[in-house]
Amino acid sequence: MDSQNIIAIASSRLLSEDNVAEISEIGGKFSKLWEWFWPLALAFLGKLVLVLAIFFAGRKLIHLLLRLLKKGFEKTRVEEGVAGFVSSVLKVILYFLLIMIIANVAGIATTSVVALVGSVGLTVGMALQGSLSNFAGGVLLLVLKPFSVGDYIVAQGLEGTVTKIDLFYTTVLTTDNRTVVLPNGTLSNDSIINVTHEPERRLDLLIPISYEDDIRNVKAILLSIAERHMERILQDRDIVVMVGDFGDSAVEIAFRVWVKKEDYWALRSDLLEEIKYTFDKEHVTIPFCQMDVNIKGAKDLP
């Protein structure tokens, strides 16, 4: 074997030994990298599985709550516009809370985000305080339904028929055909008399008579007048005629009958008219205020 072949064999052996050392070094580095990466990968996969589980469970829970809310709206017959708006707002809030929970589980800091949302909400709330109050009042009125469109109500020092209920305002048509727009915020916090909510109403009349008149005779007259209007007076209710009070110049007779709400005003007018004509015919006195004027020195007048 010549010297050139010996040198070539020796060089190949040296190269193979260098390659083995290099490969061994690379393997050691990879092993260390794997030992560092594997726990992180397991932790990440664990958080990913937990996040996905929370997301799907939270989404199912949100859908369930929205379905229950929808059924509640259907039972209480809340208007579709209000029901849809409230459902949409609640859906956004619930998903925002779900995202915040997922972010906390994933280790993402949400304190700054919550603080930012809170400050923005506070600023908007202060700027729209009156409108938000009216909106909240409108939601309460539409959900609780103290009155509906078509009801005759007494509120805020006026009375009339409700023609429209919006989220912010309620429109009322008065008896003299004036349209009044009431803010729902103040309306929901005030006393409301719903005159036509019930199908039946008691018609109360307080009839004054003179102290010289016979009370028993007047009571008989009023009962006979009631009998002539029995087609509009509810017969399953008692007709009440009794002494209501002793006034300064008259005995006040309480006359009470029950009617359907749609017959209230017409029957009231008819009864008052017939009472006046009948009292005139029967010589029953309806007292009224009188003033006597005494003039001093009347003897000196011509």
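These numbers come from the heavy atoms of this one structure, side chains and all, not from hydrogens, waters or symmetry mates.
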### Message
If I take atom CD1 from residue Ile209 and atom NZ from residue Lys219, how far apart are they, to the nearest 0.5 angstrom?
### Response
10.0 Å
### Message
Please enumerate all residues that pass salt bridge (Lys or Arg N to Asp or Glu O under 4.0 Å) together with Asp151, with sequence neighbours excluded.
### Response
none
### Task
Find out whether Ile207 and Ile275 are in side-chain contact, i.e. whether some heavy atom of one side chain is under 4.5 Å from a heavy atom of the other.
yes
### Task
Sequence neighbours left out, what passes side chain to side chain donor-acceptor pair (under 3.5 Å) with Glu212? Give chain and number order.
Ser210
### Task
State which residues pass side chain to side chain donor-acceptor pair (under 3.5 Å) with Thr179; sequence neighbours excluded, sorted by chain then number.
none
### Task
Report yes if some heavy atom in the side chain of Val241 is under 4.5 Å from a heavy atom in the side chain of Ile253; otherwise report no.
yes
### Query
Linking I/L/V/M/F/W/Y whenever any side-chain heavy atoms sit under 4.5 Å apart, do Leu267 and Leu206 land together?
no
### Message
Could you walk me through whether Thr170 and Val181 satisfy the side chain to side chain contact (heavy atoms under 4.5 Å, CB included) test, starting with their C-alpha distance in whole Å, then the side-chain angles of each, then the deciding distance to 0.1 Å, before giving a yes or no?
### Response
CA-CA 6 Å; Thr170 294; Val181 179; over 6 Å; no
### Query
So with a 6.0 Å cut-off around NZ of Lys261, is the heavy-atom count from everything else above 12?
yes
### Task
Flag the pair Ile153 / Glu159 as yes when at least one side-chain heavy-atom distance between them is below 4.5 Å, and no otherwise.
no
### Message
Show, in sequence, the C-alpha distance, side-chain angles and deciding distance for Leu205 and Arg268, and conclude whether the side chain to side chain contact (heavy atoms under 4.5 Å, CB included) test is met.
### Response
CA-CA 8 Å; Leu205 296 177; Arg268 185 179 187 277; 4.0 Å; yes
#### Entry: Note, Leu90 side chain near Leu69 side chain (heavy atom, < 4.5 Å)
yes
### Task
Could you tell me how the ring of Phe246 sits relative to the ring of Tyr211: parallel (under 30°), tilted (30 to 60°) or perpendicular (over 60°)?
parallel
### Message
Strictly by salt bridge (Lys or Arg N to Asp or Glu O under 4.0 Å), give each pair with a member in residues 187-201 just once, sequence neighbours left out.
### Response
Glu200-Arg237
### Message
If you compare all heavy atoms of Phe147 against all heavy atoms of Ile165, which two are closest, and at what distance to 0.1 Å?
### Response
CE1-CD1, 3.7 Å
### Query
Do you know which two heavy atoms are closest between Phe279 and Val218, and how far apart they sit?
CZ-CG1, 3.8 Å
### Task
Kindly indicate whether the side chain of Ile192, heavy atoms from C-beta on, has any atom under 4.5 Å from the side chain of Leu187.
yes
### Summary
Joining Ile, Leu, Val, Met, Phe, Trp and Tyr whenever any side-chain heavy atoms lie under 4.5 Å apart, the cluster holding Ile193 also takes in Tyr152, Val154, Val195
### Query
With sequence neighbours excluded, what pairs up with Arg228 under the side chain to side chain donor-acceptor pair (under 3.5 Å) test?
Glu274
### Query
Side-chain heavy atoms under 4.5 angstrom apart, residues restricted to Ile, Leu, Val, Met, Phe, Trp, Tyr: same cluster for Leu222 and Leu272?
yes
### Query
What is the distance from atom CD1 of Ile221 to atom CG of Asn217, rounded to the nearest 0.5 Å?
4.0 Å
### Query
Does one hydrophobic cluster hold both Val162 and Val180, with members joined at side-chain heavy-atom distances below 4.5 Å?
yes
### Message
When you compare the side chain of Arg256 with that of Leu203, does any pair of heavy atoms fall below 4.5 Å?
### Response
no
### Task
For Asp248, look at atom CG and say whether over 12 heavy atoms of other residues, nucleotides or ligands are found less than 6.0 Å away.
no
### Summary
Contacts of Arg232 meeting salt bridge (Lys or Arg N to Asp or Glu O under 4.0 Å) (sequence neighbours excluded), chain-then-number -> Asp270
### Message
Please enumerate all residues that pass side-chain contact (heavy atoms from CB on, under 4.5 Å) together with Asp176, with sequence neighbours excluded.
### Response
Thr174, Arg178
#### Entry: Gap separating the CG atom of Leu182 from the CZ atom of Phe168, nearest 0.5 angstrom
16.0 Å
### Query
Tyr95, Phe56: one ILVMFWY side-chain cluster at the under-4.5 Å cut-off?
yes
### Listed partners of Lys276 passing salt bridge (Lys or Arg N to Asp or Glu O under 4.0 Å), at least two apart
Asp280
### Task
Evaluate the criterion side chain to side chain contact (heavy atoms under 4.5 Å, CB included) for residue pair Ile101 and Phe96; output intermediate values, then yes/no.
CA-CA 9 Å; Ile101 292 172; Phe96 175 77; over 6 Å; no
### Query
So, does Asn194 use its side chain to make a donor-acceptor pair with the main chain of Pro146 at under 3.5 Å?
yes
### Query
Are side-chain heavy atoms of Pro208 and Val251 found at a separation under 4.5 Å?
no
### Query
In Å, rounded to the nearest 0.5 Å, how long is the span from OG1 of Thr161 to CG of Asn177?
10.5 Å
### Summary
Joining Ile, Leu, Val, Met, Phe, Trp and Tyr whenever any side-chain heavy atoms lie under 4.5 Å apart, the cluster holding Leu234 also takes in Trp258
### Summary
Across all chains, not counting sequence neighbours, the salt bridge (Lys or Arg N to Asp or Glu O under 4.0 Å) partners of Lys91 are none
### Query
Run the side chain to side chain contact (heavy atoms under 4.5 Å, CB included) check on Leu271 and Phe255 step by step: do they pass?
CA-CA 10 Å; Leu271 288 177; Phe255 182 31; 4.3 Å; yes
### Query
What about Val172 and Tyr169, same hydrophobic cluster or not, with Ile/Leu/Val/Met/Phe/Trp/Tyr joined at side-chain heavy-atom distances under 4.5 Å?
yes
### Task
Would you name the heavy atoms of Ile239 and Ala226 that are closest together and state the gap between them?
CD1-CB, 4.0 Å
### Query
Do the charged groups of Arg202 and Asp204 touch, with an N to O distance under 4.0 Å?
yes
### Message
Asp214: which residues meet the side chain to side chain donor-acceptor pair (under 3.5 Å) condition with it, sequence neighbours left out?
### Response
none
### Task
Working to the nearest 0.5 Å, report the span between CG of Leu66 and CG of Leu61.
9.5 Å
### Query
Got a second to check how far Arg67's CZ is from Lys70's NZ, nearest 0.5 Å?
10.0 Å
